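See below for the structure under consideration.
What you are looking at is a predicted structure, and each value in this text was computed from that prediction instead of being measured. Reminder, nothing fancy here: chain letters follow the sequence lines and each chain counts from 1.
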Protein chains: 2
Amino acid sequence: MVNTSVDTEKKILEAAKRVFLVKGLSGARMQEIADEAGINKSLLHYYFRSKQQLFKAIFEEIFSHFFPALISIFNNNEPLELKISMIVDQYIDEFGNKGYVPLFLINEIYQNPELVSSLSGKMDKMVHSEFMKELQEGIQSGKYVEVSPMQLLSNILSLCIFPILAQPMLKSVFQIGNEEYNKFLEERKKLIPEMILKNLIK
Amino acid sequence: MVNTSVDTEKKILEAAKRVFLVKGLSGARMQEIADEAGINKSLLHYYFRSKQQLFKAIFEEIFSHFFPALISIFNNNEPLELKISMIVDQYIDEFGNKGYVPLFLINEIYQNPELVSSLSGKMDKMVHSEFMKELQEGIQSGKYVEVSPMQLLSNILSLCIFPILAQPMLKSVFQIGNEEYNKFLEERKKLIPEMILKNLIK
DNA sequence: ATGTAGTTTAACCATTTGGTCAAATTTAGG
DNA sequence: CCTAAATTTGACCAAATGGTTAAACTACAT
């Protein structure tokens with residue numbers, strides 16, 4: 001029966017992820033993380049010296065998962081048009097009912113932008129991906145309208161993620177429940193790529 | 001020299017607004033608000049019984065300002081095409097360097113959706129505005145593509161607000177500074193209405 | 001079995017935090 | 001001026017919070 005350090009560390013990380021994601025750095029409590037992991041609070045400090053360090057471990061895990069999902073699509077063999085649909089599907093499926101994940105990232109980075117600077121290596125892969133090459137080639141060949149990659153990527157991410165962040169607000173404003181909201185998101189899987197492509201293809 | 005209750009209350013509200021907007025409910029400290037207002041901490045509890053009540057006062061002020069800006073544009077005399085441009089300009093100008101305002105709203109509503117339910121009256125005006133009438137008429141007359149108002153409004157708000165929320169992240173990913181970021185936002189004032197209209201007009 | 005290193009726990013600690021209260025100060029009316 | 005009410009303050013409190021420490025427990029090699 002191996003129920004030792006590796007196991008405990010994993011339990012802590014999973015518990016901490018759950019709590020930090022929902023409550024954020026300032027809202028999370030070490031005691032709550034310990035309870036969630038079913039261990040003594042001191043153990044948290046035994047494995048991770050401080051709240052800050054535990055948080056950093058979690059943040060980097062979440063952050064490191066968020067963009068690679070994009071990057072792997074950015075670098076696959078499909079044509080750019082399909083890549084866009086894949087990104088939209090991916091984000092809506094993955095975060096449609098987990099808006100707290102992108103919200104967590106936006107929040108913590110907004111409060112403390114340095115969090116990212118140490119991880120900037122991961123970004124380069126995105127800026128220099130197949131997606132970007134294909135885009136630039138398409139622009140030069142006259143297939144695509146001239147558009148800055150930053151604007152295009154912002155448009156895609158905005159249309160996918162914002163309605164997920166604003167889910168409770170949208171539900172209130174338009175007086176709808178979960179069922180209708182999910183239909184709304186499903187509609188967007190078609191709507192967003194159409195919109196992006198209609199503005200990209202000459 | 002009238003330097004009495006009215007004055008103090010205003011000082012408190014302004015200080016609380018500054019602190020709550022940036023730190024959020026859980027991150028804000030009553031002592032910090034008191035210092036910011038230049039008064040004793042006990043006074044906060046004299047004017048507003050608890051942190052919760054002070055927060056509620058601030059939240060409602062922020063929230064009540066956020067949508068009416070939209071609503072007044074929604075109900076003016078300009079044609080729908082121009083209304084859209086006005087909304088985009090309004091939000092980018094107002095929140096371009098104050099992303100913490102929409103972020104504050106999204107956050108606090110996400111954590112506590114009931115915050116909005118008491119204010120739902122304000123929303124009706126938006127759903128039943130001139131904008132929506134014009135949209136529906138345009139759709140019926142065949143001028144506009146058939147699109148749900150919720151999708152359209154989500155698209156507009158997404159494209160305006162998300163890049164403002166994600167400002168620090170975008171700056172990191174694309175390795176740009178304030179100057180270039182502001183140019184990016186200015187570009188969007190043209191880009192967004194073009195994009196919305198190209199997808200709306202048949 | 002036994003000693004040792006690694007792991008886990010309970011008991012504490014110092015600081016922070018939202019909140020209370022009685023005393024002090026200011027304001028305004030008679 | 002005097003007084004009563006409203007306003008403001010400093011001292012204080014209990015609970016919560018991140019963190020420490022020494023003791024207890026476990027695994028395991030000898």
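Between the C1' atom of dA16(D) and the CD atom of Gln31(B) lies a distance of 17 Å, rounded to the nearest Å. Atoms CG (Leu54(B)) and C1' (dG19(C)) sit 13 Å apart, rounded to a whole Å. The distance between atom CD of Glu9(B) and atom C1' of dT7(D), rounded to the nearest whole Å, is 13 Å. Atom C1' of nucleotide dG10(D) and atom CG of Leu44(B) are separated by 15 Å, given to the nearest angstrom. Between Asp7(B) atom CG and dA6(D) atom P there is a gap of 19 Å when expressed in whole angstrom units. The separation between Ile39(A) atom CD1 and dT9(C) atom C1' is 11 Å, rounded to whole Å. Nucleotide dG18(D) holds its P atom 15 Å from the CD1 atom of Ile12(A), rounded to whole Å. As a whole-Å value, the separation of Lys11(A) NZ from dT9(C) P is 8 Å.
Closest to the Ser50(B) side chain, of the nucleotides dA10(C), dG19(C), dT9(D), is dG19(C). With dT8(C), dG18(C), dG19(D) as the choices, the nucleotide that has an atom nearest any side-chain atom of Leu43(A) turns out to be dT8(C). Taking only side-chain atoms of Tyr47(B), from C-beta outward, the nucleotide of dT7(C), dT9(D), dT7(D) with the closest atom is dT7(D). Minimum atom distance to the side chain of Tyr46(B) is reached by dT7(D), of the listed dT7(D), dT17(D), dG19(D). In this structure, the nucleotide among dT20(C), dT7(C), dG18(D) sitting nearest to the side chain of Arg29(A) is dG18(D). Of the candidate nucleotides dT9(C), dT8(C), dG18(C), dT8(C) has the atom lying nearest to any side-chain atom of Thr8(A).
Geometric assessment of Lys83(A) against the ring of Phe131(A) yields a negative cation-pi assignment under the 6.0 Å and 45° thresholds.
Within the 4.0 angstrom heavy-atom criterion, only backbone atoms of the sugar-phosphate kind lie near Ala28(B); the bases stay farther away.
Checked by distance alone, Ser42(B) brings a side-chain donor or acceptor within 3.5 Å of a matching partner on the base of dG10(D). A donor N or O paired with an acceptor N or O is found under 3.5 Å between the base of dG19(C) and the side-chain atoms of Lys41(B).
Contact annotation: Asn40(A) does not reach the phosphate of dT8(C) (side-chain N/O to OP1 or OP2, under 4.0 Å).
Closest heavy-atom contact between Ile84(B) and Pro193(B): CG2-CA, 4.4 Å. When all heavy atoms are compared, the tightest approach of Met169(B) to Phe67(A) is SD-CZ, 3.5 Å.
For Phe63(A) and Phe59(A), the gap between ring centers is short of 6.0 Å.
Note on ring orientation: taking the six-membered ring where Trp is involved, the planes of Tyr91(B) and Phe95(B) are tilted (angle from 30° to 60°).
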